[in-house]
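These notes are about the structure you will find just below.
All chains are named by letter (A, B, ...) in the order of the sequence lines, taking the proteins before the strands, and each is independently numbered beginning at 1. Being a predicted model, the structure only gives us computed values, none of them experimental.
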Amino acid sequence: MPVPAAAAHLTPEQIDAFGAELDELRARTVADLGERDREYLQSVVRAQRGLEFAGRALLFAGFLPPAWVGGTTALALSKILDNMEIGHNVMHGQYDFLQDPAFQGTTFEWDTACPGDQWRHSHNYRHHTFTNVVGEDRDIGYAVIRIDEGKPWKPKDLGNPLYALLLATFFQYGVMLHDLEVENLAKGRTTWAETAALRAEMARKLGSQTLKDYVLWPALTGPSAPFTLAGNAVANLARNLWSFTIIFCGHFPDGVETFTREEAEDESRGGWYLRQLLGSANIEGGPLFHVMSGNLSHQIEHHLFPDIPAHRYPEMAVEVREICERYGLAYHSGGLVQQFGSVVSRIVRFALPWSRSEPAPAPEPAGAWIEADLAA
Amino acid sequence: MARFAPPSIVRKALASDLVDRLTAPHGVDRYLELVDPTWTVREVRAEVVAATRQTPGTVTLLLRPNGAWSGFRAGQHVVVGVEIDGTVHDRCFSLAGSPHGTDGLLELTVKANPTGRVSRHLVEHAVPGLVLRLSEAQGDFVLPSAAERTATGDHLVFISGGSGITPVLSMLRSLVDERHVGPVTFVHYGFTADDVCYRSELAELVGALPGARLLIGLTGAPGAGDLDGFFGPEHLAQITDRPDRARVFLCGPAPLMASVEQVFADLDLADRVHLERFGPPPIDPSIAVGDGAVSFARSGVAVPSVGTVLETAEAAGLAPAFGCRRGICGTCTRTKTSGRVRNVVTGDVSADDAEPIRLCVTVACGEVTVEL
C-alpha cells in the first residue's frame with residue numbers, strides 16, 4: 001500500500017505502532033462504557049423530545065409572532081438534535097451496548113426524509129469504510145459538487161456554487177436521494193428498474209415525514225395552520241443548512257486529503273486509522289456547539305472510532321492529538337468560520353477548470369520519540 | 001404511593017393511528033415513557049408492587065403490568081428486561097400465578113444463579129416501584145384446556161426442581177381456580193425443606209383439589225421428604241402405576257429433566273412428557289474458542305463454524321446483509337440469542353446472554369444461536 005505523503009516519514013512498523021496506540025485508547029474507552037453514557041443519551045433524548053413537544057405546542061398559537069418564533073426555534077433545535085447527536089450516532093451502533101431496543105443501530109429511524117436503512121448503507125458502510133477514497137466515497141461533494149481535483153472538470157461544474165446552495169437548502173432530500181446514485185444511473189451503470197426497492201422505501205419515508213410536518217400538524221392547529229406549516233418548513237430548512245455546514249466542514253476544508261483506490265488497498269489497521277485521520281477535520285467550539293453538531297465537530301475522532309458514543313470524543317481528542325504530535329502527523333482543526341470559509345472557497349474555486357487543491361501542509365518535523373526510534 | 005395510570009380511553013386514543021403518524025418516526029411510546037415508564041401504550045412495562053424473599057437466594061415479585069399487557073396461559077413465560085448499570089439485560093421467567101387471578105398482578109420467582117447477572121441483581125436489588133420491561137407471554141408449555149383434560153382423563157403429573165416450580169405452580173393454581181376434579185400428582189424436588197418455595201401454599205392448593213397428591217423430594221435431607229434422592233424408576237412407581245395414562249409437565253435443573261426424559265423414553269412413553277427448558281445446555285469445556293457450531297434460528301440451519309459467524313452463514317448458503325466486513329459499519333449486526341462468541345478484534349469472549357453481535361468480527365465458541 002503506498003503511504004500518503006503526509007505520513008511518508010513513518011515506517012510500516014511505526015504505522016502499526018500508531019494504530020496500536022489508537023486501539024489501546026479505543027479499548028480503554030469501550031471498557032468504561034456504561035451508566036454515564038446511558039444518562040447522557042437519556043438527557044439528550046429528553047431535551048430533544050421536550051423541545052419537539054414545546055415547539056409543536058407553541059405553534060398552536062403561531063399567529064402570535066413570539067410563539068411562532070419560539071415554536072419554530074424549538075422545533076428546529078429538536079430536529080437538529082434528533083438527526084445529529086441522537087440519530088446519526090445511534091445509527092452508527094454507538095449505543096448498541098445499552099441493548100435498548102429503542103436505540104439499536106440497526107433499527108433506529110430518524111426525523112428526516114432519508115430512510116434509516118439507506119443511510120446505514122451509504123454512510124456507515126460506503127463513507128466510513130472508503131473515507132475520502134475518490135471514486136468510492138460518494139460523500140466527496142455528494143457526487144454533485146466538484147470539490148476535489150481527482151474529479152475531472154466538466155463544463156457543468158461551473159454551476160458548483162449553485163448546486164451547493166441548492167443542496168444545502170434541500171439537504172434532507174439530497175441525503176435521501178444519495179443511495180440512488182444518480183451519477184451511476186446517468187452513466188447507465190445501474191438501471192432505473194434496479195432502484196425500485198430503494199425508491200419505494202424513500203417514498204414511504206418521505207410520505208410519512210411530509211404528512212406529519214405539512215398536513216397533520218398544521219391541520220391539528222386549526223386556525224394557525226398556515227403559521228404551523230411555515231414554522232415546520234423553516235425548522236426543516238434551519239436543520240438542513242446547519243447539518244450541511246457541519247458535514248461539509250468534516251472532510252472538505254483545504255489540507256484534508258483524499259486518496260486513490262490503490263492507497264486504500266490492503267491497508268493495515270494502522271493505515272486505515274491514518275487515512276481516517278488525514279481525511280477528516282475538526283471544528284473548534286464550546287460544549288454546546290459540540291452537542292449541536294452531534295459531536296461531528298470531532299470528525300477526526302468520529303472517523304477513528306465511529307462506534308464509540310460521540311460525547312466521548314472531546315476527552316479522547318486530547319489523547320489523539322498528543323499521539324498525532326508524537327508521530328508528526330497533521331491534525332486538521334479550526335474554528336467554524338475558518339473551516340466553512342475554506343469549504344466555500346473550494347466550492348467556488350473548483351467550479352473552474354484550472355483550480356488546484358491548496359498543498360497539504362508539509363509533514364511536520366517528526367517528534368523526538370520518532371527521531372530516537374529512527375536512529376535506533 | 002400508587003402510580004397514576006392514564007384511563008384506558010386515553011390510552012386507546014394514544015395508541016391510535018393518528019397519534020402514530022403525528023409522532024413518526026419514533027412512535028408515541030418514546031415520548032410517553034419519558035413522562036412515566038409505565039405509560040407506554042404498545043410496549044409492556046410492569047411495576048414491582050411487592051418483593052418478598054421466601055427462601056434464601058430467591059425473590060418473589062408481584063408485578064402490575066400496564067394496559068399493553070394482553071394476558072397469558074398457565075405455564076407460559078415472559079422475557080423480562082432489566083436495566084443494570086445502564087445496559088438492558090433480557091431473561092426469560094415463568095409466570096407463577098394463575099391467569100384467573102382477579103387483581104391483574106403477575107408473579108415471578110427468581111432464584112439467584114451465582115453466575116447470573118440478572119437473577120442476582122433482582123434477588124439483591126428488586127424493590128417495589130422498580131419498573132421492568134416485559135414481552136408478551138410466550139411458549140407452548142401450557143396447561144391443557146378443561147375440555148381437553150376431561151376428554152382424555154389423563155393423570156396430570158407435575159415434576160419440578162428448584163426454581164423450575166414456577167410454570168407448574170401456575171398450572172396447579174389454575175387447576176384450583178378451574179375446579180379441576182381429575183387425578184393430579186405434584187412432585188417437587190429441593191435440597192432441604194428450607195429450600196422449597198411455596199411449601200405451605202402447595203399443601204393448601206393440593207388440599208383444594210379432590211384428586212390431588214403432593215410429593216416433596218429432598219435430595220439433601222434423606223428421610224425428611226416424601227421421596228429420597230434423585231428421580232428414577234422407583235420415584236415414578238410412587239407417583240403412578242400407570243405411566244401410560246400420565247401426562248407429565250416437567251421443569252427443573254438439567255439433570256432432573258434428563259432423568260425424567262430417560263425413564264419415560266425407556267418405557268417408550270417419551271411423548272407423555274412436556275417440558276420447559278431455560279438457558280442453553282451447559283458448555284463443554286473441551287471446546288476451544290472459535291471451534292463451534294452456529295444455529296441460524298430464522299433460517300432453520302445449523303452448521304459447524306468455518307471462520308467468522310458471517311463466513312459461516314455464507315458457507316451455509318445464507319446471504320445476510322453486510323458492509324465493511326471489518327467491524328466498522330455495523331450492517332451485519334444481528335442478535336445472538338444464546339452461546340458464547342469471541343470478538344476477533346478485541347479478543348473478548350461474551351457471556352451466554354442474548355446480545356447484538358457484528359457477524360463479521362465474531363467467531364463462535366461452542367454452540368451459538370443467532371437470529372438470522
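- Here B/D20 does not pair with A/K212 in a salt bridge; the nearest charged N to carboxylate O distance is not below 4.0 Å.
- Your options are A/L98, A/D23, A/L41, A/D37, and the one with the most heavy-atom pairs under 4.5 Å with chain B is A/L98.
- The backbone N or O of B/H89 lies less than 3.5 Å from no partner atom in the side chain of A/Q99, so there is not a single donor-acceptor pair.
- Put simply, the side chain of A/D111 reaches to within 4.5 Å of the side chain of B/P25, judged on heavy atoms.
- A salt bridge is absent between A/R36 and B/D85; no separation between the charged side-chain nitrogens and carboxylate oxygens falls under 4.0 Å.
- Heavy atoms closer than 4.5 Å to chain B are found in the side chain of A/L211, but not in its backbone.
- Listed by chain and residue number, A/R120 satisfy the salt bridge (charged side-chain N to carboxylate O under 4.0 Å, His left out) test with A/D117 (two or more places apart in sequence, or in another chain).
- Heavy atoms closer than 4.5 Å to chain B are found in the side chain of A/F108, but not in its backbone.
- For the atom pair B/L18 CG and A/L220 CG, the distance stands at 6.5 Å (nearest 0.5 Å).
- With a threshold of 4.5 angstrom between heavy atoms, B/E83 approaches chain A through side-chain atoms but not through N, CA, C or O.
- Rounding to the nearest 0.5 Å places CZ of A/F97 at 6.0 Å from OG1 of B/T87.
- The number of heavy-atom neighbours closer than 6.0 Å to NZ of A/K205, taken from other residues, nucleotides and ligands shown, is above 12.
- Between the OG1 atom in B/T335 and the CG atom in A/D96 there is a gap of 9.5 Å [rounded to 0.5 Å].
- Taking the side chain as every heavy atom from C-beta outward, A/E109 and B/H26 never approach each other to under 4.5 Å.
- Using a distance-only test at 3.5 Å, with no hydrogens or angles considered, a donor-acceptor pair links the side chain of A/R46 to the main chain of B/L34.
- When the candidates A/M91, A/Q42, A/H128, A/E52 are compared by the number of heavy-atom contacts under 4.5 Å with chain B, A/E52 comes out ahead.
- Your options are A/V30, A/V45, A/D82, and the one with the most heavy-atom pairs under 4.5 Å with chain B is A/D82.
- Put simply, CZ on B/R30 and CD on A/Q48 are 12.0 Å apart, with the number rounded to the nearest 0.5 Å.
- The shortest distance between side-chain heavy atoms of B/R133 and A/D100 falls below 4.5 Å.
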